[in-house]
Every structure is written in C-alpha cells, then in structure tokens.
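Working notes, structure below.
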Number of protein chains: 2
Amino acid sequence: MSGTKSRRRGAKLEQAILDAAWAELREVGYARFTVEAVAGRAGTSKPVIYRRWRSRAELALAAWYRQVPADQGTPDTGTLRGDLLAMFSRIARGADSMMNEMVAGVMGEAFRHPEVAALLGDRLTRPSPLTSAMETIIGNAVARAELPPVDPPHRVKRLPLDLIRNESITSCGTPLSDEALASLVDDVYVPLLRGLATVQQAD
Amino acid sequence: MSGTKSRRRGAKLEQAILDAAWAELREVGYARFTVEAVAGRAGTSKPVIYRRWRSRAELALAAWYRQVPADQGTPDTGTLRGDLLAMFSRIARGADSMMNEMVAGVMGEAFRHPEVAALLGDRLTRPSPLTSAMETIIGNAVARAELPPVDPPHRVKRLPLDLIRNESITSCGTPLSDEALASLVDDVYVPLLRGLATVQQAD
DNA sequence: AGCCTTTAGATACTTTGCGTTTCTTATAGT
DNA sequence: ACTATAAGAAACGCAAAGTATCTAAAGGCT
C-alpha cells in the first residue's frame with residue numbers, strides 16, 4: 001500500500017492495453033468504444049496508446065486480431081442441412097459476429113484512415129478455422145453421398161461468413177432469427193452446393 | 001438586389017435540404033457528411049434541419065430514400081452469364097453501391113440511434129427494380145433453356161445486392177474489380193441458380 | 001553502484017462536429 | 001392588420017479524437 005507506482009513497459013504493457021481494448025469492445029461495442037476508456041481500464045493514458053496505434057480504428061482491429069478464434073470443432077449431425085444450420089448458428093452467435101458492428105464502424109472510418117482498409121480486408125477474407133470447417137462439412141456430405149463430389153472454390157468456403165455478416169449489418173444489430181439462418185441455408189447455401197456439384201461433374 | 005431576404009418554408013424548404021444533403025453525400029461520402037455543410041449548402045441553418053430529422057443518420061437516409069432508382073432496363077446479352085455480369089457490374093458501379101459506405105456508417109451509429117435501424121433494414125430488403133430485373137434475367141435464361149424452370153425465392157433475388165454490398169464493405173471503398181464480380185457470378189450465383197433449378201425439378 | 005536513454009503516465013490542450021438554446025423577424029392564415 | 005408559426009443567425013455545451021508538454025520511473029550500460 002505504499003505509494004510506489006509500478007510502471008509497465010514494452011510487451012507487457014501492450015498486452016494489457018489490448019486486453020482492455022478487447023474487454024471494452026465486448027462490453028460497449030465499437031460505437032461507444034473510446035480510447036480514453038481503454039486507457040483508463042488498462043491503467044495507463046492516451047498518449048501511450050497513440051504511440052502504438054495511429055487511430056482508434058487500428059487499436060480496435062489490433063485487439064480483435066489478437067483473439068485467436070477458438071476452434072470449436074466441426075458439427076457432425078449426420079445431415080448436410082443439420083451441419084450447416086449448426087455452423088451458421090455458431091457463426092451468427094459467436095465472437096466473429098459480435099464484430100460485425102465493428103466491421104461496419106471501421107469501414108465507415110476507412111475513408112479518413114485508408115491504412116486500416118487493407119488490414120480489415122485481409123482479416124475478412126483469409127482462410128480460417130471457419131473455412132476449413134466448411135471443407136469438412138462438405139467433405140462429410142460427399143462421403144455420405146448427400147452431394148456429388150465437389151471442390152468448392154475459396155469464395156464459397158467464406159460465403160457463410162459473408163452471408164451472415166451482411167445479414168447482421170442489414171438487420172442493424174438485431175440478433176439473427178432462426179428463420180433467417182434457415183433461409184440462408186435452404187434458399188442459398190444448399191442449392192449452391194448442389195449446383196456446384198452438378199456443374200463440376202459435367203467437366 | 002434589395003436586402004429583402006426570402007424565407008422558404010414547409011415542403012419547398014424540405015426539398016432544398018434533401019437536395020443539398022444528397023449532393024453532399026455524393027461529393028464527400030457519409031464519413032465527411034456534416035449537418036452544418038448541408039445547412040450551408042441549402043442556405044439554411046442547423047436548427048431547421050434538426051426540427052425535421054432527429055440525427056445526421058436520419059437526414060442521410062431521408063436524402064437517400066428520396067432518390068428514385070432510375071430503371072435502366074434489364075440487360076439482354078443472349079446468355080445468362082452475360083446478363084448477370086452486366087447486372088452485377090451495373091449494381092457495383094451505380095448509386096446503390098455508392099451508398100454502401102453510408103450503410104456501414106449508419107449501421108455503425110445504429111447502436112446510439114436504434115430508430116434508424118428499422119428504416120435502414122427496410123430499404124435494403126424491399127423488392128426494387130433490381131429484384132425484378134433479376135426475375136426477368138432468370139426468366140429469359142429459362143426461356144432459352146439455359147436453366148430448367150425455376151422460381152427463385154426472394155432471398156435469391158436480393159442476393160446480388162447483398163453479395164456486392166458485402167464485397168464493397170470488405171474491400172473498404174476500393175472499387176470492385178471485374179475479377180471479383182466474375183467470381184461472384186461464376187462461383188456463386190450461376191451455380192446457385194442451377195442448384196435451385198434441379199432441386200425444384202425433383203419436387 | 002551510479003549514469004543516461006527511453007518511455008510511461010499525468011495533465012491539459014486544440015479541433016471537430018453533433019445536437020441545443022435563445023432570440024429576432026419573415027411568412028401564412030384568419 | 002393581427003397573430004401563431006417557424007426560419008435563420010449566433011452562440012453554446014459536450015464528447016471524443018488526437019497532440020503537446022512535462023515528470024519521473026525502468027532498465028541497460030559502464
């Protein structure tokens with residue numbers, strides 16, 4: 001309880017800031033995410049943060065990027081539709097979806113801070129645990145002969161994330177209903193896979 | 001040339017404000033869209049605007065909604081792929097796409113102004129000239145026997161807009177390349193239509 | 001150990017833009 | 001002509017981004 005003030009530096013401090021930023025993002029969302037609150041929560045001050053990241057947007061992205069998406073395994077319900085519904089709902093409820101507000105917010109600022117645009121685009125399109133889970137699900141369906149053999153292009157593997165992000169943005173924060181997810185699966189994704197399979201078979 | 005200052009009221013003034021707002025949106029985008037600039041351009045002042053719309057976001061949406069999308073007809077190139085490419089590229093270059101930054105920006109503010117969320121969602125999902133153009137394109141392809149008969153659900157008709165909006169947001173303002181559009185058509189939309197058609201034939 | 005470079009942390013500042021308040025006075029309805 | 005309404009001007013409060021200045025702690029170096 002003496003007045004000795006311990007001062008963190010370097011990596012340790014950086015981690016503390018990013019942890020605080022992530023906690024803030026989860027608690028208040030990007031719209032109310034302020035650098036001052038992050039500084040306060042991390043027990044430091046604004047200049048320390050601005051020495052490391054050029055803007056609020058970059059800080060938020062850095063905090064997000066550090067979160068390793070927990071690999072939750074791949075659903076295996078015995079049917080393609082069941083697996084897809086489980087997967088879509090996991091995506092829609094998971095942390096990735098919580099970040100859709102942030103994606104929109106950051107993009108809204110990208111005109112003023114063009115540097116962040118590249119960072120963001122990269123994160124959104126890169127292969128991830130989710131895209132490989134899609135591979136597995138599709139592979140399983142092929143093995144069960146629910147689908148003809150098919151080799152989906154990368155765009156199709158990232159499509160669930162894209163569809164759900166778009167749905168999330170267009171419904172402006174309202175949590176996605178089961179009906180909406182079912183519509184994405186039944187009206188779009190399953191037919192797409194069938195179509196891909198028949199086209200590729202014709203080769 | 002006398003000092004007589006004419007003062008507009010009611011509908012006339014409202015139109016002038018919305019015109020000014022639309023002009024601002026097109027010139028500087030939503031990120032730099034300020035109420036003061038709109039007031040200045042319309043030759044009026046901020047309180048007049050805030051008496052009519054509760055926030056910057058609502059003003060921007062109102063200006064956008066007033067723009068009637070010019071019906072540019074439906075492409076008819078003789079092939080499904082050609083029609084789709086023409087359509088996708090029209091969407092990607094048109095005013096609707098210019099508004100993607102705004103969609104993101106408004107959504108980013110939706111947490112603070114939940115009222116606007118509903119307005120926005122409605123506009124994005126409603127049937128429009130674009131969805132009926134999709135109907136026509138698909139109908140033409142069926143007539144040419146490029147596709148088995150198919151009755152696409154509404155979600156599929158709005159999908160081009162959704163795909164392009166998402167692409168626009170994830171590439172943060174960079175204009176979409178022809179390759180990206182081709183990938184949306186070839187990897188996603190055409191296979192989806194084929195898949196839908198075969199599934200519906202099985203009924 | 002003691003010096004010295006680095007940089008954390010505190011504080012206060014500038015700027016920008018939203019949304020409001022107050023007041024004057026033109027406009028439209030009766 | 002009288003009166004209610006609402007336009008327009010100016011200034012304000014406020015929040016939050018980003019910057020500048022200063023101090024003193026941390027940790028490397030000799």
Side-chain angles (χ1 to χ4, degrees), chain A residues 2-21 24-25 28-63 102 105-106 108-116, chain B residues 2-21 24-25 28-63 102 105-106 108-116:
Chain A
S2 76
T4 321
K5 307 217 213 157
S6 176
R7 233 180 232 190
R8 298 153 300 181
R9 304 182 104 183
K12 201 140 200 170
L13 177 58
E14 192 159 321
Q15 303 308 311
I17 294 170
L18 290 176
D19 285 343
E24 283 289 313
L25 277 173
V28 305
Y30 185 73
R32 295 186 188 249
F33 175 82
T34 74
V35 176
E36 229 168 88
V38 173
R41 171 171 250 173
T44 180
S45 63
K46 282 201 295 174
V48 175
I49 292 178
Y50 279 105
R51 261 169 229 143
R52 288 175 164 73
W53 299 278
R54 280 170 294 186
S55 66
R56 167 179 106 116
E58 284 191 30
L59 171 61
L61 285 179
M102 185 175 108
V106 168
E109 284 174 28
F111 183 57
R112 289 144 181 247
H113 302 277
E115 319 81 60
V116 303
Chain B
S2 74
T4 322
K5 307 218 213 153
S6 176
R7 230 181 233 187
R8 297 154 300 181
R9 301 181 87 165
K12 201 140 199 169
L13 177 57
E14 192 160 320
Q15 303 307 310
I17 293 170
L18 290 175
D19 285 343
E24 283 288 314
L25 276 173
V28 307
Y30 186 75
R32 296 186 187 249
F33 176 83
T34 73
V35 177
E36 228 168 273
V38 173
R41 176 175 278 222
T44 180
S45 63
K46 284 201 296 175
V48 175
I49 292 178
Y50 279 106
R51 260 170 230 144
R52 288 175 164 72
W53 299 278
R54 279 171 296 186
S55 65
R56 167 180 107 116
E58 284 190 28
L59 171 60
L61 285 179
M102 185 175 108
V106 168
E109 286 174 27
F111 184 57
R112 289 143 179 248
H113 302 278
E115 318 82 61
V116 302

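In what follows, every chain begins at residue 1, and chains take the letters A, B, ... in the order their sequences are listed.
In this structure, OH of A/Tyr50 is placed 19 Å from P of C/dA12, rounded to the nearest angstrom. Separating the CD atom of A/Glu14 from the P atom of C/dT6 is a distance of 19 Å, rounded to the nearest angstrom. With rounding to whole Å, B/Lys12 atom NZ is found 10 Å from C/dA28 atom P. One interatomic measurement links the two molecules: CD1 of A/Ile49 to C1' of D/dA16, which rounds to 13 Å at whole-angstrom precision. Atom CD in B/Glu58 sits roughly 13 Å away from atom C1' in C/dG19 (whole-Å rounding). The distance between atom CD of A/Glu36 and atom P of D/dA15, rounded to the nearest whole Å, is 11 Å. Regarding A/Arg32, its CZ atom lies at a distance of 12 Å from the C1' atom of D/dA15, rounded to whole Å.
Comparing C/dT6, C/dT11, C/dT27 by their nearest atom to the side chain of A/Arg9 picks out C/dT6. Side-chain proximity of B/Lys46 to the nucleotides D/dT19, D/dA26, C/dG19 is greatest for C/dG19.
Among the atoms of the strands shown, base atoms are found under 4.0 Å from some heavy atom of A/Arg51. Note on A/Thr44: only backbone sugar-phosphate atoms sit closer than 4.0 angstrom, heavy atoms only; bases stay farther off. Within the 4.0 angstrom heavy-atom criterion, only backbone atoms of the sugar-phosphate kind lie near B/Thr34; the bases stay farther away. Counting non-hydrogen atoms under 4.0 angstrom, A/Val35 reaches the backbone sugars and phosphates but no base.
For B/Arg56 and C/dG17, the shortest distance from a side-chain N or O to OP1 or OP2 is not below 4.0 Å. Between A/Arg52 and C/dA8 there is a side-chain N or O to OP1 or OP2 distance below 4.0 Å.
Residue B/Glu36 places its CD atom among 12 or fewer non-hydrogen atoms of other residues, nucleotides or ligands, all under 6.0 Å distant.
When all heavy atoms of B/Val38 and B/Ile17 are compared, the pair lying nearest together is CG1-O, 3.8 Å. Across all their heavy atoms, B/Ala16 and B/Ala42 have their closest contact at O-CB, 4.0 Å. Of all heavy-atom pairs between B/Leu59 and B/Trp53, the closest is CD1-CE3, 3.7 Å.
Heavy-atom distances to DNA chain C give each of B/Phe33 and B/Arg8 a nearest nucleotide, and the one nearer the 5′ end belongs to B/Phe33.
At a cut-off of 3.5 angstrom, counting only N and O atoms as typed in the model, there is a donor on one side and an acceptor on the other between the side-chain of B/Arg7 and the base of C/dT25.
A/Arg56 places a side-chain N or O within donor-acceptor distance of the main-chain N or O of A/Tyr30, the cut-off being under 3.5 Å.
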